[in-house]
Amino acid sequence: DAGITQSPRYKITETGRQVTLMCHQTWSHSYMFWYRQDLGHGLRLIYYSAAADITDKGEVPDGYVVSRSKTENFPLTLESATRSQTSVYFCASSESLLAGGVRNEQFFGPGTRLTVL
Amino acid sequence: KQEVTQIPAALSVPEGENLVLNCSFTDSAIYNLQWFRQDPGKGLTSLLLIQSSQREQTSGRLNASLDKSSGRSTLYIAASQPGDSATYLCAVDTSGSARQLTFGSGTQLTVLP
């Protein structure tokens, strides 16, 4: 089915382990994003990508690494997981900017609930 | 730094009532404002997108308005139904930001049958 998918949907890991969260979209959207959602903080941007091989930091990038070798995939890696990274992670995508700087809406995946013990 | 506030934090209404959810933002230099719905344990579903040059958008029983100069948006839900129960989030895409949506904390809506 077309859309944006995330895997795994649930993950439990231990402090210090490396974890990779996957995101795949079938729309060929240029932009992809990673957010985390926490009680008391709402949704915050971790990293985003404007195209394959172009990535940039968001509001809370520390402890995370991203890559984008293909347009449709945007994996998020926690190199050494910490308890503070326990959260729900959402991937989103959006078409490229329109003429005149008009920005398109972002579409979100179902989320990955990550618990770091 | 852009800040987005949603009031009320929670709202409970009887079925059939019309209701208004509020969203305010501090920096009026925005590209657009987007309303989302989030069901418990689920992702975000985009409801309406209002570009900065627009005043309102409508989709079915939903109508969203935008007053950029005053930093306010409202989401109007007509003839509410129990299936409308969810958390409603507004988010703004601010000019000059790295395509970062700034989200409000949401309004948790319960529509009682």
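Per chain, numbering begins at 1; letters A, B, ... match sequence-line order.
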Original post:
Which answer fits A:Arg44, side chain, backbone, both or neither, if we ask what part of it has an atom under 4.5 Å from a heavy atom of chain B?
Top reply: neither

**OP:** Heavy-atom distances under 4.5 Å only: say whether A:Gln6 touches chain B with side chain, backbone, both or neither.
**Re:** neither

Original post:
With a 6.0 Å cut-off on ring centres, are A:Tyr35 and B:Phe103 close enough?
Top reply: yes

Original post:
Aromatic rings A:Phe108 and A:Phe90: how do their planes relate, parallel, tilted or perpendicular, breaks at 30° and 60°?
Top reply: perpendicular

Original post:
B:Leu48 versus chain A, heavy atoms under 4.5 Å apart: side chain, backbone, both or neither?
Top reply: neither

**OP:** Grab the two heavy atoms, one from A:Thr71 and one from A:Met32, that are nearest each other, plus how far apart they are.
**Re:** O-SD, 3.4 Å

Subject >> Nearest non-hydrogen partners of B:Leu33 and B:Cys23, listed with the distance >> reply: CD1-SG, 4.2 Å

